[in-house]
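So you know, we letter chains A, B, ... as the sequences are listed, proteins then strands, and number each from 1.
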Amino acid sequence: MSKRLALLIDQDRCIGCWTCAVVCKMENNVGLGNHWNRILSNGTGEYGETPKIGLDGKPELVFQPTTCMHCENAPCVKACPTGATYKRKDGITAQNYSICIGCRACMAACPYNARVFNWGTAQQVPSFEDDHVGDARVPSRPKGVVEKCTFCQEKTDAGEKPACVTSCPAHARVFGDINDPSSEISGLMSESSHHSLLEDLGTKPSVFYTAPRRKLKVSYNQDGGGYLGE
Amino acid sequence: MEVATLANSVSLGNERKVWMLICLAIALVAFGFYVNQLINGLEVTGMNNIVSWGLYIITFAFFVGLSAGGLIVSSSAYVFKIDKLKEVAPIGIVVAVACILGAAAMIVADMGRPERILNIIVGGKFTSPITWDFFVISLYLMIGLYECWIFFSNKWKGKSLEKRESVLAKAAFISLPIAILVHSITAWIFGLQAGRPFWDTAIMAPIFISSAVVSGTGLLLVVAYLGRKNGIKGLDDENVGTLVKVLVGFIILDLFLFFCELFTLTYTGGTAASESAALLLTGSLAPLFWFEIIAGMLIPLFILTNKSLKRSRGWMAVAGILVMVAVFLKRINIVLPGLLVINMTDSPGVSTGRFVESTGPFFEAGQTPFSAIATYAPTMTELIITAGAFAFVGFVIMLGVELIAKMDTKTSAKDKQLSSNTQLASDI
């Protein structure tokens, strides 16, 4: 069976620190205002950092790191008129910046709003002459083209792991080939329940989530602490 | 003879010349703004990563629809052998060509890298509705120009009327299905997007075709009024009567189709698509939506079916303008709700692609590039470029009217010749 690279995110381990988002932005040299990777949460506030009150009366935050889902049945690939967005053999939905015409049909097609557009010439802070802060293998993008998470294809091609995976301080992200039964991700996925986002649309995403254990009951232990209703 | 005809048409069209110059001037100003957009990128527009299609695509869809009426009317004349409509055929084809040129201009204005547009042909992917649209619009334009050439070229003036008619009929047999295809495919750019539940409906193509015929016929009524005012033959009361009947039928069909769509979504409720429908019925787009329905559809319906108003060309033109406005609003009401409702609204939302320089502490509210609430308002650049496209379309239509005026004088001269010889031209 051919390779299918995928990402498993353990929402129980994710602490919502945004390290993966920041490292992604740096390594891939993403311009100001755009993010390939973002952390959605059930909280409120500017960055979703203000927690909701959970069922046990205590503050509760659930994080959902969200990026390109590298769908097997990718709507963006179907919508792209030039083939600038295409599926690689290893399952990555890749973007060819040199033939993208900037029609943004893929952005309209993406149900996850994962794609970002270079509305103007991308600006970086700090900016260097060669415009590279992070990984030098990542091509720079001109204005007027669409870009998005590539599963760090320059790194994964060389056998490395994506920047978000290696940088995650909570080890919440596991990356690998789910068609290889001996890989770590396959093992974890077979022993835990997992889901992907907007499954009913039939896009067959390659990013999977292990749902957090919810605290379902009011704690009998008035001192608090510890999970209940697991 | 030739000089006299020319002088005649010049004196007739002096007012038109002024209007043509005004249109050209607006189009040139808009082109200046477009050059600025090319230099700075699309950041001069109001679009962002959430509402990634805005006024340009709305106007594109509107122009594609507008051109339908013209081509469908002029082709029907030959396909269904409606002799009454044959005199409207030239103006119909001019309107079709002008509007499809406007549509092409809008799609180029919307592109981030317009210089790469030929990538759609070289290595284009046939899974994309945009590719289909590119090819079918090119075909549509070529057929339109071919029919224009038959109408206006001196080469065809020499040919007998029968010969010209048979060639036109053949062209019409191709162009009528193409006209319907163009609108279906433009609808499928939206209607095949599984990721946008509001757009993802099988009824999208029928809605586009019905509202295309509504706006196209509306435009022909306006052109008929202006033509009569400027003393150009072509649309007599009987022709206008036929157009009015077509218009009334399609307004009712259009209202019915849109009602079906919104009723289904509202009744089901609870989905992202019904949220979009709620945006239209009671939300931020409600003023546009209700103006579309009441002023743009119901009032014209009253004007068009009222017996005392029906005789007035002026009122017909008013109805024509109102339905055109309504169809433009309808394009807004289809494109924007699909984008404004995002599927995952958890905070902080989507990075908008627009960096706002912080003026205060880092976490000051409103300085984040993230937004879970989609907003869109066109900027001045967008409005001017769009106005420029409208002016350009107006210019091309007036240019066509000029040509038709010349053609009329020439054919009437030819009529005399022919009627003295063969009595064939009596019904032209």
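Contact between A:T82 and B:K125 at its shortest, heavy atoms only, is C-CG, 4.0 Å. Looking at every heavy atom in both residues, B:G353 comes nearest to A:W119 through O-CD1, 3.8 Å. Contact detail for B:I130 and A:A79: the closest heavy-atom pair is CG1-O, 4.3 Å. Nearest heavy atoms, B:D346 versus A:S41: CB-O, 3.4 Å. Nearest heavy-atom pair across A:P142 and B:R116 is CG-NH2, 4.3 Å. Shortest non-hydrogen contact noted between A:L201 and B:G195 is CD1-CA, 4.4 Å.
For B:I373, the CD1 atom counts as loosely surrounded, since its 6.0 Å shell holds 12 or fewer non-hydrogen atoms of other residues, nucleotides or ligands. For NE2 of A:H195, the number of neighbouring non-hydrogen atoms (other residues, nucleotides, ligands) closer than 6.0 Å is greater than 12. Sparse packing is recorded around CZ of B:F31, with 12 or fewer heavy atoms of other residues, nucleotides or ligands lying under 6.0 Å away. Shown here is A:Q123, whose CD atom has no more than 12 heavy atoms of other residues, nucleotides or ligands within 6.0 Å. Heavy-atom neighbours of A:K87 NZ from other residues, nucleotides or ligands within 6.0 Å: above the threshold of 12.
Contact count versus chain B (heavy atoms, under 4.5 Å) is highest, among A:V146, A:L198, A:I99, for A:I99. In terms of heavy-atom pairs under 4.5 angstrom with chain B, the leader among A:S98, A:G83, A:G31, A:A108 is A:A108. Residue with the most contacts toward chain B among A:A109, A:G202, A:A114: A:A109 (heavy-atom pairs, distance under 4.5 Å). Listed options A:G43, A:P75, A:A84, A:C100 were ranked by heavy-atom pairs under 4.5 angstrom with chain B; first place goes to A:C100. If you tally non-hydrogen atom pairs under 4.5 Å between each of A:G102, A:C80, A:P81, A:G144 and chain B, the highest count goes to A:P81.
No side-chain heavy atom of A:N113 sits less than 4.5 Å from a side-chain heavy atom of B:M344. The shortest distance between side-chain heavy atoms of B:P348 and A:L40 falls below 4.5 Å. Under the 4.5 Å side-chain criterion, counting only non-hydrogen atoms from C-beta, B:I117 is not in contact with A:I101.
Interface remark: A:T50 contributes no atoms to any contact with chain B (heavy atom separation under 4.5 Å). When heavy atoms are compared at a cutoff of 4.5 Å, B:L118 does not approach chain A at all. For A:T66, the part sitting under 4.5 Å from any heavy atom of chain B is the side chain, from C-beta outward, and nothing else. If you measure heavy-atom distances from A:V77 to chain B, the contacts under 4.5 Å come from both the backbone and the side chain. With a threshold of 4.5 angstrom between heavy atoms, B:W132 does not approach chain A through any atom at all. Residue B:E43 touches chain A through both its backbone and its side chain, counting heavy-atom pairs closer than 4.5 Å. Only the backbone of B:N40 comes within contact range of chain A, judged by heavy atoms closer than 4.5 Å. There is no contact between B:I107 and chain A, counting heavy-atom distances below 4.5 Å. Heavy atoms of A:L197 lying under 4.5 Å from chain B belong exclusively to its side chain. Residue A:Q64 touches chain B through its side chain alone, counting heavy-atom pairs closer than 4.5 Å.
Relative orientation of the B:F370 and A:W18 rings is perpendicular, given thresholds of 30° and 60° on the angle between their planes.
The CZ atom of B:R354 lies 10.0 Å from the CZ atom of A:F117; values are rounded to the nearest 0.5 Å. In this structure, B:S52 OG and A:M107 CE are separated by 4.5 Å, a value rounded to the nearest 0.5 Å. The distance from the NZ atom of A:K78 to the CD atom of B:Q193 is 10.5 Å, given to the nearest 0.5 Å. Considering SG of A:C103 and CH2 of B:W53, their distance stands at 6.5 Å, rounded to 0.5 Å. Summarising the geometry, atom CZ belonging to A:R115 is positioned 13.0 Å from atom OG belonging to B:S351; distances are rounded to the nearest 0.5 Å.
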> After noting the C-alpha distance and the side-chain angles of B:D110 and A:R104, does the key distance pass the side chain to side chain contact (heavy atoms under 4.5 Å, CB included) rule?
Replying inline: CA-CA 9 Å; B:D110 186 68; A:R104 307 192 293 296; 2.7 Å; yes
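In terms of modelled atom types and a separation under 3.5 Å, the side chain of B:R196 and the main chain of A:P111 share no donor-acceptor contact. Checked by atom type and distance alone, the side chain of A:K143 pairs as donor or acceptor with a backbone atom of B:I39 at under 3.5 Å.
In this model, a donor atom of one side chain and an acceptor atom of the other lie less than 3.5 Å apart for B:N49 and A:N34.
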